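The block underneath contains the structure these notes are about, expressed in structure tokens.
Because the structure is a prediction, the values reported are computed rather than measured. Reminder, nothing fancy here: chain letters follow the sequence lines and each chain counts from 1.
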Amino acid sequence: MKASSIWSMAVHGKMFRICNVVGQYRNILLNRHTSSLYQQNAGLKKSVEEKLGLPPKPKKPLTPYFRFMAQIRPAIVQKNPQAKLTDIAKLAGTEWGKADSSVREQLQAEYKREMVDYMAAQVKYNQKLTDEQHEEIKKAKIEIAELKERRLLKKKKKELGKPKRPLSAFLLFMTEKKDERGTQSFKDWQIQMQNEWEKLYEEQKSAYMARSRKLFEEYKREIQIWEEKMIRLGHIDVVRNEALIQPKRQGTSVSQRSRGSEE
DNA sequence: GCACTGTGTAACGATCATCT
DNA sequence: AGATGATCGTTACACAGTGC
């Protein structure tokens, strides 16, 4: 903890130098960056290194455009109090397009100066880490990238209207009983549901199972139609592998398609 | 070509446990 | 992976420029 706070102080010091911008926005900039760093240290946005319990790595200097945005943001917000974050970014982009070349050059020069410090800090930081720590960071980054990929694929499936898997017999039972929960804790209620499910008469259970089976039959039909449509549209990544392997019952076959892109 | 850099917030995800 | 729900944590969104 102590080591990390020393690191944190070092980063603070660097950022204050980074924020040493001349002109009328100097104070605003200083305040903004101070609070921003405070939030990061409070753990709102942790870097991979910090998540792994390693000292925080030096932050990249702000690019000229980000520096510019930080300067004009207060004015934009004041003029457009109800503007959303995304609106502000758009307005800032417009302003950047209209900005004087001397302003751009000055911001560019500041960026270059701070980049020198950053590079040195980065080298120092990397030297401080062991080979194992470097490897750990590398692995974590790959994992994060894979997670992101999975999340995006899930989002795509949703957007393309992938049919949802139907409820199992037990879930149908649980859904039906949800209004009877009252003030019981979620966990206790689940355990109670499990007990009640086990005590159900076979014919009662069978009724739920029959309903679930029927839903699954419908689902099978829906998913097949949907996957065939996805293949036609070229969205092979959202289709289960079986759908690519199994030849279709009628019409054009997809079996000759290459499966190279899939696992 | 993608991650990073800043911002605030809405939306989304993981978690807990249960079964199929 | 589907539902249940509260809670806490994380990410996408917009913008442009830079470096790996």
Side-chain angles (χ1 to χ4, degrees), chain A residues 15 18-19 28-29 31-40 42-49 51 57-74 76-77 81-99 104 107-108 110-112 114-115 118-119 122 126 141-142 144-145 147-152 154-155 157-159 162-198 200 205 208-213 215-216 219 223 240:
Chain A
M15 286 306 289
I18 284 168
C19 298
I28 295 167
L29 260 175
N31 287 334
R32 288 203 83 81
H33 282 278
T34 307
S35 69
S36 151
L37 272 171
Y38 210 80
Q39 284 173 351
Q40 278 162 20
L44 283 183
K45 252 196 178 178
K46 276 189 177 176
S47 66
V48 179
E49 289 79 6
K51 281 178 189 167
K57 67 170 182 179
K59 291 188 92 65
K60 280 185 175 179
L62 296 187
T63 63
Y65 169 70
F66 265 64
R67 224 166 272 255
F68 174 81
M69 188 153 69
Q71 283 184 26
I72 64 163
R73 188 193 303 277
I76 293 177
V77 172
Q82 70 279 47
K84 283 186 222 160
L85 175 77
T86 48
D87 298 329
I88 292 164
K90 279 179 188 168
L91 289 166
T94 311
E95 290 301 317
W96 177 250
K98 292 190 281 185
R104 285 166 178 256
L107 294 172
Q108 178 75 249
E110 283 163 13
Y111 173 76
K112 294 232 160 141
E114 282 142 23
M115 197 63 191
Y118 167 74
M119 295 289 221
Q122 200 185 23
N126 284 332
K141 284 191 174 174
I142 290 170
I144 288 168
L147 192 70
K148 188 178 180 180
E149 208 175 318
R150 283 201 296 273
R151 206 165 27 233
L152 287 175
K154 196 175 175 184
K155 191 183 171 191
K157 286 175 183 175
K158 197 179 173 185
E159 282 168 358
K162 184 184 180 183
K164 274 194 173 186
R165 216 166 176 274
L167 302 188
S168 64
F170 175 72
L171 283 180
L172 284 173
F173 169 73
M174 199 162 85
T175 306
E176 226 174 64
K177 293 273 187 179
K178 67 172 176 169
D179 291 338
E180 296 169 27
R181 183 181 149 210
T183 55
Q184 204 174 12
S185 84
F186 188 53
K187 200 173 170 180
D188 288 344
W189 176 68
Q190 282 172 325
I191 291 163
Q192 190 194 319
M193 284 298 103
Q194 183 205 358
N195 289 334
E196 284 190 25
W197 174 252
E198 279 169 8
L200 275 191
K205 266 192 190 176
Y208 285 109
M209 284 171 177
R211 268 172 63 197
S212 181
R213 263 200 301 276
L215 290 171
F216 263 96
Y219 168 73
I223 195 84
R240 297 164 306 168

Near A:Glu149 CD, under 6.0 Å, is it more than 12 heavy atoms from other residues, nucleotides or ligands?
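Not buried by this count: 12 neighbours or fewer within 6.0 Å.
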Using a cut-off of strictly less than 4.0 Å, decide whether [X] has a side-chain nitrogen or oxygen near OP1 or OP2 of [N].
| X | N | answer |
| --- | --- | --- |
| A:Lys187 | B:dT18 | no |
| A:Lys162 | C:dA1 | no |
| A:Gln122 | C:dG19 | no |
| A:Lys90 | C:dA14 | no |
| A:Arg104 | C:dG17 | yes |

Residue whose nearest DNA chain B nucleotide is more 5′ - A:Leu147 or A:Gln194
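That would be A:Leu147.
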Sugar-phosphate only, base, or nothing, as touched by [X] at under 4.0 Å among non-hydrogen atoms:
| X | value |
| --- | --- |
| A:Arg213 | nothing |
| A:Tyr111 | sugar-phosphate |
| A:Lys84 | nothing |
| A:Lys148 | sugar-phosphate |
| A:Met193 | nothing |
| A:Leu85 | base |

So which nucleotide from [options] ends up closest to the side chain of [X]?
| X | options | value |
| --- | --- | --- |
| A:Lys154 | B:dT5, B:dA14, B:dC19 | B:dA14 |
| A:Phe186 | C:dC15, C:dT4, C:dA12 | C:dT4 |
| A:Thr175 | B:dG6, C:dT4, C:dC20 | C:dT4 |
| A:Pro64 | C:dG17, B:dC19, C:dC15 | C:dG17 |
| A:Trp96 | C:dA3, C:dA16, B:dC19 | C:dA16 |
| A:Lys155 | C:dA12, C:dC15, B:dT7 | C:dA12 |
| A:Glu198 | C:dT4, B:dT5, B:dC19 | B:dC19 |
| A:Arg151 | C:dA12, B:dT5, B:dC19 | C:dA12 |

When the distance from [atom1] of [X] to [atom2] of [N] is rounded to whole Å, what number comes out?
| X | N | atom1 | atom2 | answer |
| --- | --- | --- | --- | --- |
| A:Ile223 | C:dA1 | CD1 | C1' | 11 Å |
| A:Leu200 | B:dC19 | CG | P | 13 Å |
| A:Glu114 | C:dT18 | CD | C1' | 14 Å |
| A:Lys60 | C:dG17 | NZ | C1' | 10 Å |
| A:Met69 | C:dC13 | CE | C1' | 12 Å |
| A:Trp189 | B:dC19 | CH2 | C1' | 13 Å |
| A:Phe68 | B:dT7 | CZ | C1' | 16 Å |
| A:Tyr208 | B:dT18 | OH | C1' | 15 Å |

May I ask you to test the A:Leu172-A:Met209 pair for a side-chain heavy-atom distance under 4.5 Å?
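No; the side chains remain at least 4.5 Å from each other.
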Heavy-atom side-chain contact between A:Glu114 and A:Arg67 under 4.5 Å
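Result yes, sub-4.5 Å side-chain heavy-atom pair found.
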State whether the side chain of A:Thr175 and the backbone N or O of A:Leu171 hold a donor-acceptor pair below 3.5 Å, judged by distance alone.
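Yes; judged by distance alone, with no hydrogens or angles, the pair exists.
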Closest heavy-atom pair and its distance - A:Ala89, A:Met69
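Here A:Ala89 and A:Met69 meet closest at CA-SD, 4.4 Å.
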For a quick test of reading the model, state the closest non-hydrogen atom pair linking A:Met174 to A:Trp189 and the distance between them.
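In this case the closest contact between A:Met174 and A:Trp189 is CG-CH2, 3.5 Å.
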Could you say whether the aromatic ring of A:Phe170 and the base of B:dC19 stack, counting only centre distances under 5.5 Å and plane angles under 30°?
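No, aromatic ring not over the base.
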Classify the ring geometry of A:Trp197 against A:Phe173: parallel below 30°, tilted from 30° to 60°, perpendicular beyond 60°.
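The rings of A:Trp197 and A:Phe173 sit tilted, inter-plane angle from 30° to 60°.
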Residue met sooner reading DNA chain C from 5', once A:Arg165 and A:Thr63 are mapped to nucleotides:
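Between the two, 5'-proximity favours A:Arg165.
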